[in-house]
Amino acid sequence: MVCSIAKKWKRTLAGAAVGFALLAAPALAQQTFDFAVWYSDRDYYAPMTTKWAQQVDAVTEGRVKMKLHYSGSLVPAKDTVAAVRNGSVGGGTTSISFLAGIVRELSYMEPFFWIPAEAKAGQAMMDKLTPPSRKLMEEKGMELLFGLPSSGLITACRKDHVKAVADWKGKKVRAAGRLQGLQLSAVGASPVAIDPGELYIALQNGTVDCTMFLANLALSGKIYEVAPNVTYWNDGANSSFYYVNLDQWKKVAPADQKKIFDMSESLAKEWAVEQIGMQQQAAKDLAKAGANVYFPERAEIDTHKKAMSTVWAEIDKLVGPSGKVFSDTIANQ
């Protein structure tokens, strides 16, 4: 009898110990990511980004939240990557040009005309490039949630249009990154690096003659007021990546991580189609707002694309064999 009672007590104590251990185990707390968005809340992209943040909250039942800070109010675009990596900011979105210096293989997604303005082809490329991009960014302390293809490339100039290749010569042109600068140098322009938030003043003061931008950003940033001569190149430059600090991401439950990845991928596929129409509408709205918009023929676009194509050999030398999946994907578009 005594032996039987002792055994029962041992089982009771063992069960209690397990219970206390479970209570003592640290639970994954709610994670709120302060998320830096450099463009304004009136930009064409803003409703999509807001919808994405709302869906993160919905699919995780409030356990994960993306607190959006528009117009560079949290941190400017040029500082976003460093801030996310060191954890002072939970997450952010920037174009590839801000990431290529840290993750060299992404350089293939920076140049002008790197991706066609065709939804199916553009998304097929992003489907191939997102997994290797995610792996490379994890090595640098960031988690890539999703990437968007781009279209709607424009040149906006203060005094006259860029139509022929010869029109670039002698112009000071804002470029988003070093590789875009190489493309501009190839056609005789002088590239200048300027943060998007400082672009309006730079054009107004004549620090640069023209800027390369996307139609939607030129519209929301009112670039047409100081650079009204717009050439709509249609194809893409750069790609938008949405990413978070890796250490904070690891605090999110694996099940919620999967839900966010799945939802983000689904929305990105929708946006790949929507953003092309949005860019085309933005070009029309630029004209309505007073810009003088020139729409070149495909042959004219291809001529400029060819004139700037020397950049690809430069990227091959810069990146080396580790960039093969990127170079092959883009070369076979």
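Among Val311, Leu179, Leu184, the single residue meeting the side-chain contact (heavy atoms from CB on, under 4.5 Å) criterion with Phe112 is Leu184. Of the candidates Thr93, Thr49, Asn216, Thr49 is the only one forming a side chain to side chain donor-acceptor pair (under 3.5 Å) with Tyr39.
Between the side chains of Asp160 and Asn229, no donor N or O sits under 3.5 Å from an acceptor N or O. When only modelled atom types and interatomic distance are considered, Ser220 and Asp43 share a side-chain donor-acceptor pair under 3.5 Å. Under the 3.5 Å distance criterion, with hydrogens and angles disregarded, no donor-acceptor pair is assigned to the side chains of Thr94 and Trp38.
Pairs passing the side chain to side chain donor-acceptor pair (under 3.5 Å) check and including a residue from residues 289-304, sequence neighbours excluded, read Trp168-His304, Asp235-Arg298, Tyr294-Glu300, Arg298-Asp302. Annotation: side chain to side chain donor-acceptor pair (under 3.5 Å) contacts involving residues 179-205, sequence neighbours excluded, comprise Tyr200-Glu225. Among residue pairs with one or both ends in residues 66-82, those qualifying as side chain to side chain donor-acceptor pair (under 3.5 Å) are Asp34-His69, Thr50-Tyr70; sequence neighbours excluded. Pairs passing the ring-ring contact (aromatic ring centres under 6.0 Å, His included) check and including a residue from residues 272-291, sequence neighbours excluded, do not occur. Applying the disulfide (SG to SG under 2.5 Å) definition to pairs two or more places apart or across chains, none involves residues 165-206. For residues 145-164, the ring-ring contact (aromatic ring centres under 6.0 Å, His included) pairs, not counting sequence neighbours, are Trp52-Phe146, Phe146-Tyr242, Phe146-Trp271.
Note on Ile201: it clusters hydrophobically with Val192, by side-chain heavy-atom contacts below 4.5 Å among ILVMFWY residues. Under the 4.5 Å side-chain heavy-atom criterion for Ile, Leu, Val, Met, Phe, Trp and Tyr, Trp114 and Ile276 are members of distinct hydrophobic clusters. Cluster annotation: Leu129 and Leu106 are assigned to the same hydrophobic cluster (Ile/Leu/Val/Met/Phe/Trp/Tyr, side-chain heavy-atom contacts under 4.5 Å, transitive).
Distance alone, capped at 3.5 Å, places no donor-acceptor pair between the Asp262 side chain and the Lys259 backbone. Using modelled atom types, no side-chain atom of Asp57 and backbone atom of Lys65 make a donor-acceptor pair closer than 3.5 Å. Under the 3.5 Å distance criterion, the side-chain polar atoms of Asp209 are matched with a main-chain donor or acceptor of Lys172. Of the possible polar contacts, one joining the Ser107 side chain to the Arg104 backbone as a donor-acceptor pair under 3.5 Å is found. Under a 3.5 Å cut-off, the side chain of Arg85 and the backbone N or O of Gly141 do not form any donor-acceptor pair. The closest donor-acceptor contact from the side chain of Gln248 to the backbone of Thr32 lies under 3.5 Å. The backbone N or O of Pro191 sits nowhere less than 3.5 Å from a side-chain atom of Arg174 that would complete a donor-acceptor pair.
Taking the side chain as every heavy atom from C-beta outward, Gln55 and Leu267 approach each other to under 4.5 Å. Side chains of Phe241 and Val81 form no contact here, defined as non-hydrogen atoms less than 4.5 Å apart. Considering only heavy atoms from C-beta on, Met126 comes within 4.5 Å of Ser239 through its side chain. The shortest side-chain heavy-atom distance between Asn234 and Gln280 falls under the 4.5 Å cut-off. Using a 4.5 Å heavy-atom cutoff, the side chains of Phe326 and Leu136 are in contact. Between Phe113 and Ile301 the shortest side-chain heavy-atom distance falls below 4.5 Å. Between Tyr45 and Gln275, some side-chain heavy-atom pair lies under the 4.5 Å cut-off. Contact annotation: the side chain of Met48 approaches that of Met278 to within less than 4.5 Å [non-hydrogen atoms, C-beta and beyond].
The pair Lys135-Glu139 meets the salt-bridge criterion, since a charged nitrogen lies less than 4.0 angstrom from a carboxylate oxygen. Note on Lys324 versus Asp328: salt bridge recorded, some NZ/NE/NH1/NH2 to OD/OE distance being below 4.0 Å.
We find the OG1-CG distance between Thr130 and Leu145 to be 11.0 Å, quoted to the nearest 0.5 Å. Taking CD of Gln30 as the start and CG of Asp256 as the end, the distance is 10.5 Å to the nearest 0.5 Å.
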